[in-house]
Structure formats: C-alpha cells, structure tokens
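To find a chain, count down the sequence lines: A is the first, B the second, and so on, and within it residues start at 1.
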Amino acid sequence: MPELPEVETVVRDLRPVLIGRVFLGVSHGELKLRHAWNPDWNRFIIGSKVHSIERRAKWIVIDLGAPGTVLVHLGMTGQLTTQPADSPMADHVHLCFQCDAGMDLRYRDIRRFGGAEFHAGPNGWKERLKQAGLGPEPWDMKKSDWLAALAGSRRPIKSILLDQRVLVGLGNIYADESLFQARIHPLRLGSSLQPNECGRLLASACSVLDRAIASRGSTIRDYVGGSGLRGGYQESLAVYGREGMDCGACAGTVVRQVISGRSAHFCPSCQPIEPGGSGSGHVVP
DNA sequence: ATGCAGTCCTGTAAGC
DNA sequence: TGCTTACAGGACTGCA
C-alpha cells in the first residue's frame, strides 16, 4: 500500500531516468480509474519534456514546464514504472506514456483506486491539491499546530493520524508503527494526549517514515518502486501485520482491532489505554 | 461542525 | 476439489 515512503521511493527512482525525457504519445485503457485520464490532455503532453519530479503528500508531481503538470496518485495498488517500450504489457496497465529513447512510463493499478490527472499552467496542480485540503508534511508540522489539532479532537488518535487534512503521508501501516514507537494506544482520544505524548508521537512518525524511506518503503502485496524493485521495510515492522505474534519489546502479544473501519495493530502492554500506564496489565477497552 | 459508516475495486486466502 | 465469503485500505460521499 503506497504511503509516503513508497511514493518518495517511486519519485527518487524515476528522477534519474525520466527527467529530460520527452513524451511522444499517450495510450490509455477503457476501464474507469478513480483519477481518470482525459484524452483531451494528450495534446498538452505530447512534445513536452519532463522538467522535474517531486512528491507532495502521496501525490507524484511531474512538472512539464509551461504546458502544465501531471499528478499521479497510486491509490492502493498503483505502480508507476519506466520500462523499455518493447517490453510486454502487464495486466492492469491503464496508462502508458511513450517517451523518447525507447522508454515507456506505465501506470498499472489492479484495484484502480489511483490514476493520473493533468493540470495546465504553472499553478493548476497547486490549486488541485489545495482543494484537497492537505495538511503539512510530517517534518514541516509546527509543534503548536500539532498540539492544537490533537487537543481539539475527540476522535481516536489512529483516525487523526490517517486524516490527510491534519498531517499527510501516514497510511494504515505507518500510523500503527508510529503509535507503537510512541507507546500510545490507537484508541486514545486526541484531546486526551499530554503535550509530551503529542511531541513523542510526531517525532516517532518522522523517524518511522525516515527509516522506511531508507529501506525503500514496505512491500506488503503489490507495491514496487519506480524501477520495479520491491521495498524492504516490511522486515522491520514492529506491529503491522503481526497479529498474534510476540511483541518485540515486551513479553506481550500484538493484537488487531478495527478502529474507524481499519485494522489497528498494537501491543496492549506497551501501549496501555490508560495514560501513564506502566504496562502491568492488558487493558481491554 | 464533527465524526463515523459506507463505497469503490480485485486478487488472495480462509472456510465450508 | 470447487465454490463462497471475508479481507486488504486511500480517499471520497453521505448521514446522523
């Protein structure tokens, strides 16, 4: 599942091979994507050169200079990779940008929760993302804003971490890992967190994301980087996907509980529901 | 205003 | 063995 580290890895993989390439054509499938490609955009794309590739939240931003910008969201199973133009087309490839030098940029997405959009002009894409109401990158989050956001919310902290309007980049995997590293129970309400816990949680999120990026992200099922390589951070996960297994930090066992419709993985011993709990008992909410 | 449940989508795996 | 069902979750919609 592409979260911030996976998207960052795709961007870093694509940069050296895609910057400077010129799009010669675009082909797309019939199936509907969440972010469907409009064929009217082809005329902006064809003949345009890739100036830069950046990441904002979980979006890939491909800057084509004056014509505009391509935004790609990987959704859950999206893959954006470069391949030789004569390589066989895999199943579920919905979009293919033909580049010069015999190279394709292909978008493959099994569950079709992602897709690509084109936004004309220098600021079109910024308006699009502004409309999404994205919060700051975790490393740019101001401590005072973070404290205020948590203090003013009576939602479970797990839900808050997944809300991209508060903070971008975390998905289910890294939200669980961040909460474990900060030793905070996912059901704790935002307003119940003490300032030191808030600070610890933000620092944990940044640190988990940093380490995941260094490992090229986590490949749980479908994720691959821009070069087609899998990630490695799944080997370092402390709680996600480890239901029923030993907690690596204590004698407890990792449990799974549905919170806000998503699986939350945590160690009830290391992450007590009672603030300041010592871990002496397994608290069942 | 706020938070939650439902929805999309398909491959995988568990269960009968 | 073959079928059915549950599950995975990012981001959006609609409801209470």
Using a cut-off of under 3.5 Å, enumerate the N/O to N/O pairs linking the protein to nucleotides 12-15 of chain C.
none

Measure [atom1]/[X] against [atom2]/[N] and give the value in whole Å, please.
X: A:Asp109; N: C:dG10; atom1: CG; atom2: C1'; answer: 11 Å
X: A:Ile60; N: C:dG10; atom1: CD1; atom2: P; answer: 15 Å
X: A:Arg56; N: C:dG10; atom1: CZ; atom2: P; answer: 17 Å
X: A:Ile259; N: B:dC4; atom1: CD1; atom2: C1'; answer: 13 Å
X: A:Leu129; N: C:dA11; atom1: CG; atom2: P; answer: 11 Å
X: A:Arg165; N: C:dG10; atom1: CZ; atom2: C1'; answer: 13 Å
X: A:Leu167; N: C:dG10; atom1: CG; atom2: P; answer: 14 Å
X: A:Arg262; N: C:dG10; atom1: CZ; atom2: C1'; answer: 7 Å

Taking salt bridge (Lys or Arg N to Asp or Glu O under 4.0 Å) as the definition, give me every residue that meets it alongside A:Arg211, ordered by chain and number, with sequence neighbours left out.
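None.
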Can you name the side-chain hydrogen bond (donor to acceptor under 3.5 Å, both in side chains) partners of [X], sequence neighbours left out?
X: A:His73; value: none
X: A:Thr69; value: none
X: A:Arg56; value: A:Glu137
X: A:Ser227; value: A:Asp13

Give a yes-or-no answer on whether the side chains of A:Thr81 and A:Gln83 include a donor-acceptor pair shorter than 3.5 Å.
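Side chains of A:Thr81 and A:Gln83: pair found under 3.5 Å.
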Determine the interplanar angle of the A:Phe97 and A:Trp37 rings, folded into 0 to 90°, and report it as parallel if under 30°, tilted if 30 to 60°, perpendicular if over 60°.
perpendicular
Do the side-chain N or O atoms of [X] get closer than 4.0 angstrom to the phosphate oxygens (OP1, OP2) of [N]?
X: A:His73; N: C:dG10; result: no
X: A:Lys32; N: B:dC8; result: no
X: A:Ser263; N: C:dA8; result: yes

ring-ring contact (aromatic ring centres under 6.0 Å, His included): which pairs involve residues 192-213 of chain A, sequence neighbours left out?
none
Could you check whether any side-chain N or O of A:Gln164 sits under 3.5 Å from a backbone N or O of A:Leu170, counting only pairs where one atom can act as donor and the other as acceptor?
yes
Centroid-centroid distance, A:His35 to A:Trp59, less than 6.0 Å:
yes
Axis-to-axis angle across the helix from B:dT2-C:dA16 to B:dC16-C:dG2, five pairs an end, to 10 degrees?
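For the helix from B:dT2-C:dA16 to B:dC16-C:dG2, the axes at opposite ends meet at about 60°.
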Return the polar atom pairs (N/O with N/O) between nucleotides 10-14 of chain B and the protein under 3.5 Å, or none.
residue, atom, partner, partner atom, Å
B:dT10, OP1, A:Arg112, NH1, 2.3
B:dG11, OP1, A:His92, NE2, 3.1

Heavy-atom count around A:Arg154 CZ within 6.0 Å, excluding the residue itself: above 12?
no
Pair up each side-chain donor or acceptor in residues 235-243 of chain A with any protein partner under 3.5 Å, not counting sequence neighbours, and list the distances.
residue, atom, partner, partner atom, Å
A:Arg242, NH1, A:Ala238, O, 3.1
A:Arg242, NH1, A:Asp246, O, 2.9
A:Arg242, NH2, A:Asp246, O, 3.3
A:Glu243, OE1, A:Arg256, NE, 3.2

Nearest atoms (heavy-atom pairs only) where A:Leu64 meets A:Pro67
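Scanning both residues completely, I find the closest heavy atoms to be O-CD, 3.2 Å.
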Assert: residue with more 5' nearest nucleotide on DNA chain B, out of A:Ser260 and A:Met76, is A:Ser260
With a cut-off of 3.5 Å and sequence neighbours excluded, list every side-chain donor-acceptor pair involving residues 88-96 of chain A.
residue, atom, partner, partner atom, Å
A:His94, NE2, A:His92, O, 3.3
A:His94, NE2, A:Asp109, O, 2.7

Where along residues 140-164 of chain A does a heavy atom come under 4.0 Å from DNA chain B, residue by residue in number order?
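Result for residues 140-164 of chain A: A:Ser153, A:Arg154, A:Arg155, A:Pro156, sorted by number.
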